[in-house]
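Read the structure below first, then the notes.
Chain letters run A, B, ... following the sequence lines, proteins first, then strands; residues in each count from 1. All values derive from a computational prediction rather than experimental measurement.
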Number of protein chains: 2
Amino acid sequence: MQRLGFEETIAELRANGVRLTPQRQWILRYLKETHSHPTAEQVHHEVSKALGGISLATVYNTLHTLTKMGVIRELSYGDGSSRFDGNETEHAHLVCEQCGIVLDVDSPEVEHILPKDLERTGFKVRSYRLEYYGLCEDCQATPRKTFANN
Amino acid sequence: MQRLGFEETIAELRANGVRLTPQRQWILRYLKETHSHPTAEQVHHEVSKALGGISLATVYNTLHTLTKMGVIRELSYGDGSSRFDGNETEHAHLVCEQCGIVLDVDSPEVEHILPKDLERTGFKVRSYRLEYYGLCEDCQATPRKTFANN
DNA sequence: TTAGGTGCAAACGATTTGCTACATT
DNA sequence: AATGTAGCAAATCGTTTGCACCTAA
């Protein structure tokens, strides 16, 4: 349950013979250093500034490659677009239904319960996804905010 | 935490003055009577047989209407399409990464833990979503099955 | 009667793909 | 040098929308 930083992840990939192009490095760096949960478009926008241009297709391809390698995670929500999380470890999220922000939450109790709970199902669990939907603190204070943040 | 059946749900909607067209009734009936978690297209296919034709747009409209009314639930997965669940109550799912089947799981321990877990976050939780990803029993026995079931 | 639902086809938007040129190893 | 990667534009596909017609209450 230790989240790896950018440098550590790069070292791990290099050790596994993965090709490390500038595009891949910047995408990974951005995801590892932000704690927001950006969409592919947001990644494209940020990384494009650093590289002076990158194809959106490359962003998608790279995000999927990194997801398959297990160094980032992909989460798809009902709003049509996926979000990507530089934290590759299992953890729960808080999703604000008003402003759309996605926050991390440590949930040690849940971590203990879940695996136990599945023993009786015959299902071989590789990962889980736990999300709470509701209102973040800001939106509780400010009803009717627009859906355009984070 | 009591799942409502088709007849009960219909009665509730009628009591609330909701218009009950044949299209709405058949869509609701299908979702309430199956325990699979069909996509919009699967709903369209099944209901179309019963009605002798229905527009896919109507299926989408109706599914969203029923979701907003709280009598069904919508779940979006990474495969691009949403799935709809006639069980409107909170419950966890098992998602097989090989064949794509979505199974229900009762998780009473988790039900108890989750709300408690959130008290300290300042987040106002309205609902949650819990999914386990892995291999179902069939796919553990039969590796490399195609992604075309259920 | 009438508010609201249905159907169709066109529009949309996120994501994927085919293919050529290129850069890391 | 060889294999895998980047870029671009076109294609795909699930989903939404505008509008005319229709129907449950």
Side-chain angles (χ1 to χ4, degrees), chain A residues 10-30 37-45 47-69 71-84 100 147-148, chain B residues 10-30 37-69 71-72 74-84 100 147-148:
Chain A
I10 285 290
E12 182 190 316
L13 293 180
R14 180 167 284 127
N16 286 320
V18 174
R19 281 178 68 172
L20 295 170
T21 61
Q23 290 83 351
R24 290 183 169 190
Q25 295 197 37
W26 280 103
I27 289 172
L28 185 61
R29 180 193 296 276
Y30 173 57
H37 301 70
T39 61
E41 188 142 4
Q42 289 172 315
V43 174
H44 177 248
H45 182 251
V47 172
S48 196
K49 283 196 295 190
L51 280 168
I54 182 176
S55 166
L56 181 55
T58 298
V59 171
Y60 274 106
N61 290 335
T62 303
L63 288 171
H64 289 154
T65 302
L66 295 174
T67 300
K68 274 185 237 148
M69 290 172 181
V71 299
I72 65 173
R73 308 196 82 198
E74 176 174 359
L75 295 171
S76 49
Y77 296 97
D79 61 6
S81 55
S82 287
R83 286 170 175 270
F84 295 86
F147 197 100
Chain B
I10 285 289
E12 182 190 315
L13 294 180
R14 180 166 283 128
N16 285 320
V18 174
R19 279 179 68 173
L20 295 171
T21 61
Q23 291 84 348
R24 290 184 167 188
Q25 295 197 38
W26 280 103
I27 289 171
L28 185 60
R29 179 192 298 275
Y30 172 57
H37 300 70
T39 61
E41 187 141 7
Q42 289 171 315
V43 174
H44 177 248
H45 183 251
E46 289 304 315
V47 172
S48 196
K49 283 196 294 190
L51 280 168
I54 182 176
S55 166
L56 182 55
T58 298
V59 171
Y60 274 106
N61 289 336
T62 303
L63 288 171
H64 289 154
T65 302
L66 294 174
T67 301
K68 274 185 238 149
M69 291 173 180
V71 298
I72 66 173
E74 176 175 0
L75 294 172
S76 49
Y77 297 98
D79 61 6
S81 54
S82 287
R83 286 170 175 271
F84 296 86
F147 196 99

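Rounded to whole Å, atom P of D:dT5 lies 10 Å from atom NZ of A:Lys68. Rounding to whole angstrom units, CG of residue B:Leu66 and C1' of C:dG5 are separated by 12 Å. The distance from atom CZ of A:Arg24 to atom C1' of C:dA23 is 12 Å, rounded to the nearest whole Å. Rounded to an integer number of Å, the gap from CG of A:Leu51 to P of C:dA23 is 13 Å. Separating the CD atom of A:Gln25 from the C1' atom of C:dT24 is a distance of 11 Å, rounded to the nearest angstrom. Atoms CG (B:Asn61) and C1' (D:dG18) sit 12 Å apart, rounded to a whole Å. Distance, A:Gln42 CD to C:dA14 P: 11 Å, rounded to whole Å. Protein atom CD of B:Glu41 is 16 Å distant from nucleotide atom P of D:dT12, rounded to whole Å.
Looking at heavy-atom distances under 4.0 Å, A:Thr65 makes no contact with the nucleic acid at all.
Open room surrounds NE2 on A:His45; 12 or fewer heavy atoms of other groups in view lie less than 6.0 Å from it.
In terms of position along DNA chain C, the nucleotide closest to B:Thr62 lies nearer the 5' end than the nucleotide closest to the other residue of the pair B:Thr62 and A:Arg14. Between A:Val18 and B:Ala57, the residue anchored nearer the 5' end of DNA chain D, judged by the nucleotide with its closest heavy atom, is A:Val18. Each of B:Leu20 and A:Gly53 lies near DNA chain D, and the nucleotide nearest A:Gly53 is the one positioned closer to the 5' end.
Within the 4.0 Å cut-off from OP1 or OP2 of D:dG4, not a single side-chain nitrogen or oxygen of A:Thr21 is found. Between A:Gln23 and C:dA23 there is no side-chain N or O to OP1 or OP2 distance below 4.0 Å.
For B:Arg19 against C:dG5, no side-chain N or O and base N or O form a donor-acceptor pair under 3.5 Å.
Side-chain atoms of B:Tyr60 lie closest to D:dT15 of the nucleotides D:dT15, D:dT5, C:dG7. When distances are taken from the side chain of B:Pro22 to each of C:dT24, D:dA24, C:dA14, the shortest belongs to D:dA24. Nearest to the side chain of B:Ser55, among D:dT5, D:dT15, C:dC8, sits C:dC8. The listed nucleotides are D:dT16, D:dT15, C:dT16; the one nearest the side chain of B:His64 is D:dT16. For A:Leu56, the side-chain atoms get nearest to C:dT15 when compared with the rest of D:dA6, C:dC8, C:dT15. Considering only side-chain atoms of B:Thr58, the nucleotide from C:dT6, C:dT15, D:dG7 that sits closest is C:dT6.
Atoms CZ and CG, from B:Arg83 and B:Leu63 in turn, are 13.0 Å apart once rounded to the nearest 0.5 Å. To the nearest 0.5 Å, atoms CG (A:Asn61) and CZ (A:Arg24) are separated by 9.5 Å. B:Thr58 OG1 to B:Leu51 CG: the interatomic distance, rounded to the nearest 0.5 Å, is 10.0 Å.
Without hydrogens or angle criteria, B:Glu74 side chain to B:His64 main chain gives no donor-acceptor distance under 3.5 Å.
In this structure, A:Gln25 and A:Ile10 approach most closely via the heavy-atom pair CG-CD1, 4.1 Å.
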